[in-house]
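Values in this document were obtained by computation on a predicted structure and should not be read as measured data. Excluded from the calculations below are hydrogen atoms, water molecules and symmetry mates; all remaining heavy atoms, backbone and side chain alike, are included. Residue numbers begin at 1 in each chain, while the letters A, B, ... track the order of the sequences.
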Amino acid sequence: MKQCIACGMPMKNPEDFAMGDSAKEYCRYCSRPDGTMQSYDEKLNSLTTFIIKTQGLEEKAANLAAKSMMTKLPAWKRQSPI
Amino acid sequence: MLKNKRQQQKNLTRKHLLEIAIKQFGETGILATRTADIAKHANVSHGTVFAHFSTQEDLLTAAVEEFGSQITQRLHELIDTNSSLSKILDAHITGLIEFEPFYTRLIIERRLLPANVTNTYVMIQSTISFHIGIAAQKELDQGIVRKLPVHLLYNTWIGLIHYYITNGDLFCSSGSVLKRYRHELLQHYIDLITI
């Protein structure tokens, strides 16, 4: 099964992919409305928001966890400054 | 061909080391476990451990990731088949039971562990919360579940589970505290959030 290169989510069904296109390497949560992949800063921001929304953590802890996760993902491996 | 076989063997050894590490961390505690103990129980040389994981921290992070990927994969599949909130929560407990000794040590010792472990732990909790939130939203739309913020819906659930796990010695002196109380905790939580 493919995994999103930008957030690691498993992508099985076409609707999991950006624009429902299973040829894409990233998921619907990591794409912009026009179908292109979000930038590093956009993804860092949305992942931080995701952590706060799902656990209520303070922004600093959420931001650190998001940055740390992004260093492990193919899309961001080279550019993540921790 | 030979290369493939070698790669396969390498993957198997890595998997075996992770299984033994998870077991050892659970039995003796994360901080108290030495890589030499893991090597001994895995029947490999100490050097083999470092051929797969460059530091002890890498090994521990990989162990936490292994736990996380198994538990979240199961929840992901259940969401795919439109399972009820109760089924998702039940699967969460089942997943925790499979890793209970390790998970218990992880939540008790977490603040003393490297930042990387905490960051990995945070992502796993968020992924679990996300899946529970999806199932809860469906039941909220059907008027079954109370309208609660996702983080409080999750923190109420995980807070209950963690209270029993961290005080497991008081609730259940031998065996699995989650196995013993799973039905009571699940039923209580469902009653709390149901309209």
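Within the 4.5 Å cutoff, no side-chain heavy atoms of A/Leu57 are placed close to those of B/His151.
The contact list for residues 28-36 of chain A toward chain B, using heavy atoms and a distance under 4.5 Å, reads A/Tyr29 by residue number.
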Let's go through B/Met123 and A/Ile51 carefully: what are the C-alpha distance in whole Å and the side-chain angles of both, what is the deciding distance for side chain to side chain contact (heavy atoms under 4.5 Å, CB included) to 0.1 Å, and is it a yes or a no? CA-CA 7 Å; B/Met123 283 320 303; A/Ile51 295 168; 3.5 Å; yes

Please determine whether side chain to side chain contact (heavy atoms under 4.5 Å, CB included) holds for the pair A/Lys12 and B/Asp80, giving the CA-CA distance in whole Å, both sets of side-chain angles, and the decisive distance to 0.1 Å. CA-CA 9 Å; A/Lys12 197 165 96 186; B/Asp80 248 10; 3.3 Å; yes

Are A/Lys53 and B/Ser129 close enough, and set up right, to give a side chain to side chain donor-acceptor pair (under 3.5 Å), and what steps lead you there? CA-CA 9 Å; A/Lys53 189 181 168 200; B/Ser129 171; over 6 Å; no

Please walk me through it: do A/Lys72 and B/Asn119 pass side chain to side chain contact (heavy atoms under 4.5 Å, CB included)? CA-CA 12 Å; A/Lys72 296 174 194 162; B/Asn119 291 332; over 6 Å; no

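The two residues A/Gln55 and B/Ser126 come nearest to each other via the heavy atoms NE2-OG, 2.9 Å.
By the rule that hydrophobic residues join a cluster once side-chain heavy atoms approach within less than 4.5 Å of another member, B/Ile97 and B/Val64 end up as members of one cluster. Hydrophobic clustering (ILVMFWY, side-chain heavy atoms < 4.5 Å, transitive): B/Ile108 and B/Phe99 are in distinct clusters. Neither B/Leu12 nor B/Phe50 shares a network with the other; the hydrophobic side chains, linked directly or stepwise wherever heavy atoms of I, L, V, M, F, W or Y lie under 4.5 Å apart, form separate groups for each. Hydrophobic clustering, with ILVMFWY side chains joined whenever heavy atoms are under 4.5 angstrom apart, groups B/Ile134 together with A/Leu47. There is no path of hydrophobic side-chain contacts, each under 4.5 Å, that joins A/Leu73 to A/Met1.
Both the backbone and the side chain of B/Phe130 come within less than 4.5 Å of a heavy atom in chain A. The contact between A/Ile52 and chain B is made entirely by backbone atoms, counting heavy-atom distances below 4.5 Å. Looking at B/Thr61, only its side chain comes within 4.5 Å of chain A, counting heavy atoms on both sides.
Enclosure of atom CD in B/Gln70 by more than 12 non-hydrogen atoms of other residues, nucleotides or ligands within 6.0 angstrom is indicated. For B/Lys87, the NZ atom counts as loosely surrounded, since its 6.0 Å shell holds 12 or fewer non-hydrogen atoms of other residues, nucleotides or ligands. The environment of B/Phe171 atom CZ is dense: over 12 non-hydrogen atoms of other residues, nucleotides or ligands sit within 6.0 angstrom. Around NZ of A/Lys2, the count of heavy atoms belonging to other residues, nucleotides or ligands within 6.0 Å exceeds 12.
Summarising the geometry, atom NE2 belonging to B/His76 is positioned 10.0 Å from atom CE belonging to A/Met11; distances are rounded to the nearest 0.5 Å.
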